[in-house]
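Letters A, B, ... mirror the listed sequences (proteins, then strands); counts begin at 1. Values reported hereafter were calculated over all heavy atoms of this structure, with side chains retained and with hydrogens, waters and symmetry mates removed.
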Number of protein chains: 2
Amino acid sequence: MDPDSVSKAFVEHYYSTFDSNRAGLANLYQDGSMLTFEGQKILGSTNIVAKLTGLPFHQCQHQISTVDCQPSGPAGGMVVFVSGNLQLAGEQHVLKFSQMFHLMPTPQGSFYVLNDIFRLNYA
Amino acid sequence: MDPDSVSKAFVEHYYSTFDSNRAGLANLYQDGSMLTFEGQKILGSTNIVAKLTGLPFHQCQHQISTVDCQPSGPAGGMVVFVSGNLQLAGEQHVLKFSQMFHLMPTPQGSFYVLNDIFRLNYA
């Protein structure tokens with residue numbers, strides 16, 4: 001499979017899981033994974049999912065605008081860069097965001113998130 | 001040196017070079033480097049610098065808003081995520097952008113850009 005198809009499938013899976021069952025994201029991170037969320041660094045799958053499930057909104061919907069992907073080196077990883085809109089339940093206006101993922105292959109032939117950096121784009 | 005200091009120094013060097021001597025960016029890329037610029041993929045230092053020096057504006061100034069950095073794996077690389085404003089000469093309004101770099105160490109103890117993804121953030 002080509003990197004663009006893999007990254008697009010990953011991104012769709014990631015945000016549909018985020019929007020329907022945030023705790024299910026645990027499977028996409030590992031102990032060495034890091035999330036930087038609006039400048040706050042969080043290490044490890046357990047802490048990352050605790051952060052994401054503890055965000056102060058219950059329902060949300062991500063709308064993806066762009067997905068860019070490149071192979072990230074000889075280890076078979078990929079960097080993925082996403083821009084889009086985040087709609088929170090009960091809010092009139094969408095929030096714009098940018099997010100990057102560094103995906104690494106697993107022995108089972110899928111990918112996990114080694115690096116994840118999220119920023120809202122303030123107007 | 002800690003990754004945050006290295007990435008901040010890199011980002012300042014990158015954009016000051018971009019704004020003063022775009023051709024000088026050639027030293028920061030290698031043959032295996034890739035730039036994705038607004039969805040267009042460009043491979044290799046020579047092609048990347050040709051793209052950047054050929055952009056349809058001569059003078060510009062980057063203003064950095066945020067820099068986030070994480071170590072990217074056992075090879076000693078770093079992922080760096082930047083948001084900021086781009087002011088083009090003669091334009092009244094700034095353009096907002098997000099950009100990610102995947103930096104890899106060189107034998108000389110510095111870093112080069114393996115992956116570079118740039119997107120304007122449209123309002």
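- Taking non-hydrogen atoms and a 4.5 Å limit, the residue list of residues 10-27 of chain B in contact with chain A is empty.
- Taken to the nearest 0.5 Å, the NE2 atom of A:His102 stands 8.0 Å off from the CE atom of B:Met100.
- For A:Asp116, the salt bridge (charged side-chain N to carboxylate O under 4.0 Å, His left out) criterion is met by no residue, not counting sequence neighbours.
- No chain of hydrophobic side-chain contacts below 4.5 Å, direct or via other Ile, Leu, Val, Met, Phe, Trp or Tyr residues, connects B:Ile117 to B:Leu120.
- Heavy-atom neighbours of chain A within the stretch residues 33-43 of chain B, taken at a separation under 4.5 angstrom, comprise B:Met34, B:Leu35, B:Thr36, B:Gly39, B:Lys41.
- Grouping the Ile, Leu, Val, Met, Phe, Trp and Tyr side chains by contacts below 4.5 angstrom, directly or via other members, places A:Phe111 with A:Phe101.
- Interface with chain A: from residues 58-84 of chain B, residues B:Thr66, B:Asp68, B:Cys69, B:Gln70, B:Pro71, B:Ser72, B:Gly73, B:Val79, B:Phe81 qualify, criterion being any non-hydrogen pair under 4.5 Å.
- In the hydrophobic cluster analysis, where Ile, Leu, Val, Met, Phe, Trp and Tyr join through side-chain heavy atoms closer than 4.5 angstrom, A:Val49 is grouped apart from A:Leu114.
- Proximity to chain A (any heavy atom under 4.5 Å) is restricted, for B:Asp4, to the side chain, taken from C-beta onward.
- Residues B:Phe97 and B:Phe57 share a single hydrophobic cluster, defined by chaining ILVMFWY side chains whose heavy atoms lie under 4.5 Å apart.
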